Participant: 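Starting off with a structure, shown below.
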Protein chains: 2
Amino acid sequence: MRVLKYAILGLLYRQEYSGYDITSQFKQEIGQFWSAKHSQIYPELRKLVDEGLVEFRTQIQGEKLEKKMYTITEQGRQELLAWAAQPESLPETEKDEFMLKMYFIHTLSPEQARALFEDQLQQRRAKLAYLQQRYESLMPVFAKEENGEKHTQATHGQTASDTAPLAFHNPNLGHYLVLTKAMAREQSYVDWLERHMKLFV
Amino acid sequence: MRVLKYAILGLLYRQEYSGYDITSQFKQEIGQFWSAKHSQIYPELRKLVDEGLVEFRTQIQGEKLEKKMYTITEQGRQELLAWAAQPESLPETEKDEFMLKMYFIHTLSPEQARALFEDQLQQRRAKLAYLQQRYESLMPVFAKEENGEKHTQATHGQTASDTAPLAFHNPNLGHYLVLTKAMAREQSYVDWLERHMKLFV
DNA sequence: CTTCACATGTAACTAGTTACATGATTTA
DNA sequence: TAAATCATGTAACTAGTTACATGTGAAG
C-alpha cells in the first residue's frame with residue numbers, strides 16, 4: 001500500500017520540506033488522519049530519492065547545521081496524482097481499543113465501566129474543544145460567519161462549524177476538510193457517549 | 001501494547017473457542033473495532049499458552065479432523081480484567097486514507113474530487129444500511145422502540161435479544177454498544193460527506 | 001465430484017514503534 | 001547556561017499482511 005509514500009509526496013506537492021518539517025506536519029491537523037515518526041520518515045525519504053520520486057538539496061542553517069530540503073519530481077507528481085484519484089474500498093476494521101473494551105463490558109463492574117466511560121467522554125470533549133479552537137484561529141472568517149447565522153443543532157451533533165463555506169479553488173480547502181471532519185468525528189463520539197451514559201448512573 | 005492478546009482473552013472470557021472460531025468472531029460485529037488474520041491469531045494463541053493465560057484441549061471433528069478448543073485460565077482472567085479496567089489516552093492519529101486524499105484535494109480536478117466523494121458516500125451509506133439491518137435483526141425490540149413504535153411485551157417472544165438492551169446486566173450489552181457505535185460512526189461520516197458535497201456540484 | 005466451509009499452521013514481507021545516538025541552534 | 005527545539009540518522013523490536021502449504025468435512 002505504501003500510504004506514507006503518498007502522504008510525503010502529497011506534502012511535497014506544494015512546497016519543499018525537510019524530514020523534520022514533515023515530522024512536524026504530522027503533528028498538525030493532518031495528523032488526525034495520518035502520521036509517522038521521524039524514524040519511519042527518514043528511511044522513506046531515502047527510498048523515495050532512490051526511486052526518483054523526490055530530490056533534495058542540502059541547506060546550511062546557521063553556522064554548520066545541515067538540513068536536506070526535499071522536492072517532488074515530475075515522476076513523483078505523476079504517482080501522487082494516480083494514487084489520489086483512485087477510489088479505495090473501506091477498511092473492514094477501524095481499530096478502537098476503547099470500543100474493544102466496551103464489547104467486553106461484562107468483565108467490568110458498573111462502577112469500573114462508568115469510570116472508563118467518563119474518562120473517555122472527558123478526553124473526547126477536550127479533543128473536540130481543542131479542534132474547535134484550532135478551527136476558529138485558522139479559519140476565523142468562516143467561524144464568525146457561522147456564529148452569526150446561528151444554525152447550531154446540538155441535538156444532532158452538528159456544530160456550527162460543520163457547514164461548508166469554501167469554494168473548490170481555495171488553498172485552505174484541504175485543511176478545512178480535515179478539521180471539520182475531525183470535529184465531526186469527535187462530536188459523534190461525544191454524542192454517543194452521552195447518549196449511553198445513563199447505563200451507568 | 002499487545003491488544004490482540006486482550007482481544008483473544010476477552011473472547012475466551014465467556015466461552016471456549018478454536019483459533020478458527022476467533023478468526024470468525026473478528027468477521028462479526030467486533031471486527032468493526034478490532035480484528036486480526038488467522039496467520040496472526042495462531043501464533044498469538046501459542047504464545048498465550050506458553051504464558052499460561054490460556055489452555056486448550058484437542059477435539060475431534062468427524063473422523064480425524066482435529067481442532068484445539070481454547071479456554072482462559074485464572075491468570076488469563078486476571079490479566080484481562082486489569083487491562084479492561086485501565087483507561088487509556090486517545091490515539092493522536094486515527095488513520096483514514098480517504099481523508100488524507102481530501103487533505104491533498106488541490107491535486108485533483110473538481111470532477112475527480114467529486115467522483116471520490118460520491119464513491120465514499122455510496123460506500124459509507126451501504127455500510128450504514130448493513131449495520132442497521134444487523135441491528136434490527138439482532139435487537140428487534142429496541143430498534144422498533146427507537147423508531148417510535150410501541151412495544152408490548154406480550155406480542156414478543158423470549159429470545160435473549162428481546163429483552164431491553166439498555167440495562168447494565170444484559171449479556172448483549174457489549175454487542176449493542178459496538179453496533180450502535182459503528183452506526184453512529186458511519187452516520188457521522190455520511191452526514192459530513194453530504195454536508196460538503198455541494199463543494200463539487 | 002466439486003465447491004465451500006472448516007481447520008491449522010509457517011514464511012516472507014511490510015508497516016510502525018521504541019530506543020539508541022549525536023550534534024547544532026534558539027530562547028528563556 | 002540550561003532547556004527546548006531543530007536536525008538526522010540507525011537498531012531492535014512489535015504488529016500486521018500476503019502468500020505458501022496442507023488437509024478434512026459437509027452439502028449440492
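Quantities reported herein were computed from a predicted structural model and do not represent experimental measurements. So you know, we letter chains A, B, ... as the sequences are listed, proteins then strands, and number each from 1.
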Participant: Shoot me the first and last contacting nucleotide of DNA chain D against chain A, ordered 5' to 3', at under 4.0 angstrom to non-hydrogen atoms.
Facilitator: D:dT5 to D:dG16
Participant: Looking only at the side chains, is there a donor atom on one of A:Y135 and A:Q133 sitting less than 3.5 Å from an acceptor on the other?
Facilitator: no
Participant: Are more than 12 heavy atoms from other residues, nucleotides or ligands located less than 6.0 Å from atom CE of A:M1?
Facilitator: no
Participant: Honestly, is B:K181 close enough over A:Y189, meaning NZ or CZ under 6.0 Å from the six-membered ring centre and within 45° of the axis?
Facilitator: yes
Participant: I need the residues from residues 20-37 of chain B with at least one non-hydrogen atom less than 4.0 Å from DNA chain D; give them sorted by number, or say none.
Facilitator: B:W34, B:K37
Participant: Without swapping roles, check the side chain of B:T93 against the backbone of A:Q32 for a donor-acceptor pair under 3.5 Å.
Facilitator: no
Participant: Please classify the nucleic acid contact of B:R2 as base, sugar-phosphate, or nothing, using heavy-atom distances under 4.0 Å.
Facilitator: sugar-phosphate
Participant: I need the CG-P distance between B:L65 and C:dT8, as an integer number of Å.
Facilitator: 8 Å
Participant: With a 3.5 Å distance limit and no angle check, can you tell me whether A:D21 reaches the backbone of A:S18 through a side-chain donor-acceptor pair?
Facilitator: yes
Participant: Are A:M139 and A:Y176 close enough that some pair of their side-chain heavy atoms sits under 4.5 Å apart?
Facilitator: yes
Participant: Compile the donor-acceptor pairs under 3.5 Å between side chains in residues 84-91 of chain B and protein atoms, sequence neighbours left out, one pair per line.
Facilitator:
{"from": "B:E88", "atom 1": "OE2", "to": "A:K101", "atom 2": "NZ", "distance (Å)": "3.3"}

Participant: If only side-chain N and O atoms of A:Q61 are considered, is one of them under 4.0 Å from the OP1 or OP2 phosphate oxygen of C:dA24?
Facilitator: no
Participant: Nearest whole angstrom, please: distance from the C1' of C:dA5 to the NZ of B:K67.
Facilitator: 12 Å
Participant: For DNA chain C, whose closest nucleotide is more 5', that of B:S18 or that of A:E63?
Facilitator: B:S18
Participant: Within the 4.0 Å heavy-atom criterion, would you say B:K95 contacts the bases, only the backbone, or no part of the nucleic acid?
Facilitator: sugar-phosphate
Participant: Given that A:M69 and B:E44 both sit by DNA chain D, which one's nearest nucleotide is further toward the 5' end?
Facilitator: A:M69
Participant: Is the backbone N or O of A:A129 less than 3.5 Å from a side-chain atom of A:R134, with the two atoms forming a donor-acceptor pair by type?
Facilitator: no
